[in-house]
Engineer: 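Below you'll find the structure I mean.
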Amino acid sequence: MPKPVLSVLFIAIWAAAAVQPPPQPARAGNASLVVRDVTLIDGTGAVPRPHASLVVRDGRVAAVVPAGQEPPADLVVDGRDLYAIPGLIDAHVHLSGGPWTSAADALRRTLAGGVTAVYDLAGDDRETGDLARAVLAGEIEGPSVYYAALMAGPPFFSDPRVLASSLGFEPGTAPWAQAVTPETDLVRAVAAARGTGATAIKLYAALDAALVRRIADEAHRQGLRLVAHATVFPAKPSDLVAAGVDMLAHAAYLVWEGSAPSPDYTRRAFGDFAHVPADSPAIERLLESMRDRGVALDPTLWVFAEGQKPDEATALRTPWMNAVTRCASDLGVTIAAGTDDMFDESRDRLPLLHRELETEVAGAGLTPMQALVSATRGAAHAMGLDAVRGTLEPGKVADLVLLDASPVDDIRNTRRIRVVVKDGRIVGGVRPRGRR
Ligand SMILES: [Zn+2]
């Protein structure tokens, strides 16, 4: 019986390989770069630090020193009257589904608009993976691309979007879009997902609490993150939190903690907003357990409020998701900003992440600093990238944006981009002429 032995050996090697660090930047920047005498907003939430100099070496932040104490460098950027923030991170995008060249162009413009990393939460990972590779190889300029492979119960696999992203496969059998049931061999299924180059599994719909827990355990054992819609029917939000999911997407779906699950997963955006207050004890308990277990919330406020056609729930849903996001932030839940899209020229000439941050402030009532942290340290934390991204501290990847006004005074100032630096290399910037 040699085969089972080999399988066990293979799994052991696979599990050992699963503790690799996340992908590192492949391209060296300028050997050294100094941004001299800038106001540093480092992404940790700390108060802005005026007259700081950022020292960048080999694509990483080497040091932060008082202006005047910086070492000589190959390139010095005068930071006077500028504000340095970490490169922004969109923790919820979808890149695939259109022509590769359109996605590449959107990535190029997203980077120029200040976004230096994105998290693709499911699609056709053949295309998404190749875009991620092309960025690493320098074939296109773009943010670093991290992505998820999807798992859901069989009822989901008649959705036209999932069929389009699985061309060439029987529905539910593509490694990046797998139908799972209690009978699924999850060791193989998670290994197949991991083989796409994904760093996470995304749970979409039609899964119960027991199966969610088994997927979570196996995903984490193989070194993958787990992201889920905030309800996946019949599993409730608290079932997902208890299972150890790392990030819940769509604040509006948290309402299902307060009512019975719908038998129809397509009703997920139509919860009982009228009878389950965002500050009810059930929701507050849920948010506290998210905080205690380190589960991030990716609220996607803008897309529900303004980014799609109003529906019969919009009038109640928008204030509800704003209120629950504010409660989550106040209670100390990590907020990870995401757009559920990324870039749409017909709506905005800059990446939609700027709109999401504006909605976090104007809609949910977060402070501009809290909003900024949600697209820097918060998003990096939700993606498992704390050690490499999200803040401008020594050792972190040198992805940063220089603005000519402070985003702490007005979050709309994230649009006032002077320079974008990726991996320690100046990759450009844009001068917005105003919104749209
Ligand atoms: Zn999405």
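Note that the structure is predicted; figures quoted are calculated from it, not measured. Counting convention: from 1, in listed order, for ligands and their atoms alike.
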Engineer: Would His250 count as a contact for the Zn ion (ligand 1), in the sense that one of its N, O or S atoms lies under 2.8 Å from it?
Structural biologist: no
Engineer: Would you call the rings of His250 and Tyr253 parallel, tilted or perpendicular, taking 30° and 60° as the class edges?
Structural biologist: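 Judged by the thresholds at 30° and 60°, the geometry between His250 and Tyr253 is tilted.
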Engineer: How wide is the angle at the Zn ion (ligand 1) spanned by His94 NE2 and His92 NE2, rounded to 10 degrees?
Structural biologist: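 If I round to 10°, I get 110°.
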Engineer: Show, in sequence, the C-alpha distance, side-chain angles and deciding distance for Val303 and Asp341, and conclude whether the side-chain contact (heavy atoms from CB on, under 4.5 Å) test is met.
Structural biologist: CA-CA 8 Å; Val303 70; Asp341 192 346; 5.8 Å; no
Engineer: Are Trp256 and Phe270 close enough that their ring centres sit under 6.0 Å apart?
Structural biologist: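 Aromatic pair excluded; centres sit 6.0 Å or further apart.
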Engineer: Which N/O/S atom belongs to Asp340 and is the closest one to the Zn ion (ligand 1)?
Structural biologist: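 For Asp340, the N, O or S atom at the smallest distance from the Zn ion (ligand 1) is OD1.
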Engineer: Could you tell me whether Glu393 and Lys396 have a side-chain N and a carboxylate O separated by less than 4.0 Å?
Structural biologist: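 Salt bridge present between Glu393 and Lys396.
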